Amino acid sequence: HLSSDDKIVHPILPFKITLLANKSQISRLAYNTLLIGLKKRNSLTKTPTELKWLRDIGCVEEGTLYVIRLATRNTFLQTFHYRIVSRIIATNTFLHRIGRSESPTCDLCRSHDETLYHLFWGCAVVQNFIENIKTYLKDKFNIHLGCRAKRWFFPRVEQGNIIMLIITLIKLAIFKSKRNQGRPHLNRFIALLKIEAQKEQLYFRRLKKENAFVQKWGEVAKILTDDFSSVRP
């Protein structure tokens with residue numbers, strides 16, 4: 001209660017408004033407060049997406065979007081990775097459920113329902129494609145691409161930036177093959193890898209950091225100069 005002699009020299013603001021109006025690190029403080037609230041809410045129950053990953057590979061991990069940004073500056077690849085981990089890629093199982101596909105069967109193997117896990121990992125055609133790439137990478141660049149489903153969908157920093165990029169490009173080649181109603185070919189993957197190498201070489205060259213490109217790509221940088229036209233799927 002204010003008496004007649006009291007003077008109000010500034011508006012009376014609620015605590016939360018005063019907090020945001022403070023001059024010191026407003027954005028970070030507000031962001032941290034938001035994160036705390038989200039963590040408390042999300043800790044109470046698992047989301048449908050998390051439950052599906054737990055069903056498919058037995059785990060779900062945070063920080064994967066940060067990791068993919070370390071592997072590539074290509075925003076298309078970053079978005080593609082986000083769509084996979086968020087499970088917002090339309091597979092035949094989903095399309096059949098909503099009446100947009102006549103069958104839930106996989107477009108690649110034609111023998112199992114096409115779930116997200118099946119499309120990018122479980123399909124026999126996909127596994128054969130991955131094995132061909134493993135052989136190619138080992139023979140050409142002495143790179144051993146060995147990972148299980150957990151690291152296939154949720155790559156980690158310790159795998160190395162070039163490995164994370166390669167895994168993303170393999171999944172993109174699989175998806176493009178499905179979209180074009182064909183089977184994934186080794187030459188498609190090689191073409192995607194070479195395009196990314198050209199982009200990053202140009203990027204680092206403009207920054208005058210050619211050594212950074214060589215350090216990241218290592219032996220794989222030879223893809224820019226070697227003739228791979230004889231490679232067959």
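Note: hydrogens, waters and symmetry copies are ignored here, and every other heavy atom, side chains too, is used. Numbering of residues begins at 1 and proceeds along the displayed sequence. Keep in mind that what you see is a predicted model, and the values were worked out from it rather than measured.
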Q | Between NZ on residue Lys178 and CG on residue Asp107, distance to nearest 0.5 Å | A | 4.0 Å
Q.
Does Asn211 have more than 12 heavy atoms from other residues, nucleotides or ligands lying within 6.0 Å of its CG?
A. no
Q. Does the pair Leu165 and Asn74 meet the rule for a side-chain contact (heavy atoms from CB on, under 4.5 Å), with working shown?
A. CA-CA 10 Å; Leu165 175 59; Asn74 187 328; over 6 Å; no
Q. Does some side-chain heavy atom of Leu172 sit less than 4.5 Å from a side-chain heavy atom of Thr168?
A. no
Q. Would you call the rings of Phe80 and Phe120 parallel, tilted or perpendicular, where under 30° means parallel and over 60° means perpendicular?
A. perpendicular
**Q.** Sequence-distant partners of Arg151, side chain to side chain donor-acceptor pair (under 3.5 Å), two or more places apart
**A.** Glu61
Q | Asn142 versus His144, closest heavy-atom pair with distance | A | OD1-NE2, 3.7 Å
Q: Enter the distance from His96:NE2 to Ile98:CD1 here, rounded to the nearest 0.5 Å.
A: 11.0 Å
Q. Looking at Glu200 and Ala71, what are the two nearest heavy atoms and their distance?
A. OE2-O, 3.9 Å
Q.
side-chain contact (heavy atoms from CB on, under 4.5 Å) for Leu116 and Phe153? Distances and angles first, verdict last.
A. CA-CA 11 Å; Leu116 186 139; Phe153 290 102; 4.0 Å; yes
(Q) Could you check whether any side-chain N or O of Thr91 sits under 3.5 Å from a backbone N or O of Glu114, counting only pairs where one atom can act as donor and the other as acceptor? (A) yes
Q) If only atom types and distance count, is the side chain of Trp121 paired as donor or acceptor with the main-chain N or O of Arg148 below 3.5 Å? A) no
(Q) Whether the side chain of Glu196 engages the backbone of Leu193 through a donor-acceptor N/O pair (distance < 3.5 Å, no angle test) should be reported. (A) no
Q: Search all heavy atoms of Pro184 against all heavy atoms of Val125 and return the closest pair with its distance.
A: CD-CG1, 4.0 Å
Q) Does some side-chain heavy atom of Phe175 sit less than 4.5 Å from a side-chain heavy atom of Ile84? A) no
Q. Quick check: does any side chain N or O of Asn92 sit under 3.5 Å from a backbone N or O of Thr105, one acting as donor and the other as acceptor?
A. yes
(Q) Does any part of the side chain of Phe129, heavy atoms only, come nearer than 4.5 Å to the side chain of Arg183, both counted from C-beta? (A) no
Q) To the nearest 0.5 Å, what is the distance between CE (Met164) and SG (Cys147)? A) 12.0 Å
Q) Would you say Gln78's side chain and Thr72's backbone share a donor-acceptor pair under 3.5 angstrom? A) yes
Q.
Can you confirm whether Gln181 is buried at CD, in the sense that more than 12 heavy atoms of other residues, nucleotides or ligands lie under 6.0 Å from that atom?
A. no
**Q.** Stepwise side-chain contact (heavy atoms from CB on, under 4.5 Å) check, Phe204 with Lys209
**A.** CA-CA 5 Å; Phe204 284 113; Lys209 295 182 178 180; 4.2 Å; yes
Q: With rounding to the nearest 0.5 Å, note down the distance linking CG in Asn132 to CG in Leu137.
A: 11.0 Å
Q. In this structure, are over 12 heavy atoms from other groups packed under 6.0 Å from Gln215 atom CD?
A. no
Q) Looking only at heavy atoms, what is the nearest atom pair of Leu95 and Ala90, with distance? A) CD2-CB, 3.9 Å
Q: Would you please classify the geometry between the Phe141 ring and the Tyr136 ring as parallel, tilted or perpendicular, with 30° and 60° separating the classes?
A: perpendicular
(Q) Please give me the minimum heavy-atom distance between Cys109 and His118, naming the atom from each residue. (A) SG-NE2, 3.4 Å
(Q) Using side-chain heavy atoms (C-beta onward) and a distance below 4.5 Å, is Trp53 in contact with Arg87? (A) yes
Q) At their closest point, which heavy atom of Ile223 faces which heavy atom of Ile190, and how far apart are they? A) CD1-O, 3.8 Å
Q.
Tell me whether Asn180 contacts the main-chain N or O of Gly182 through its side chain, where contact means a donor paired with an acceptor under 3.5 Å.
A. no
Q: In sequence, state the C-alpha distance, the side-chain angles, and the governing distance for Ile166 and Ile170, and then conclude on side-chain contact (heavy atoms from CB on, under 4.5 Å).
A: CA-CA 6 Å; Ile166 286 173; Ile170 294 174; 3.9 Å; yes
Q | Reported CD1-to-OH distance for the pair Ile89 and Tyr82, which is rounded to 0.5 angstrom | A | 12.0 Å
Q) Between CG of Leu145 and CD of Gln159, what distance do you get to the nearest 0.5 Å? A) 8.5 Å
Q. Within the side chain of Lys140, is there an N or O that forms a donor-acceptor pair under 3.5 Å with the backbone of Val220?
A. no
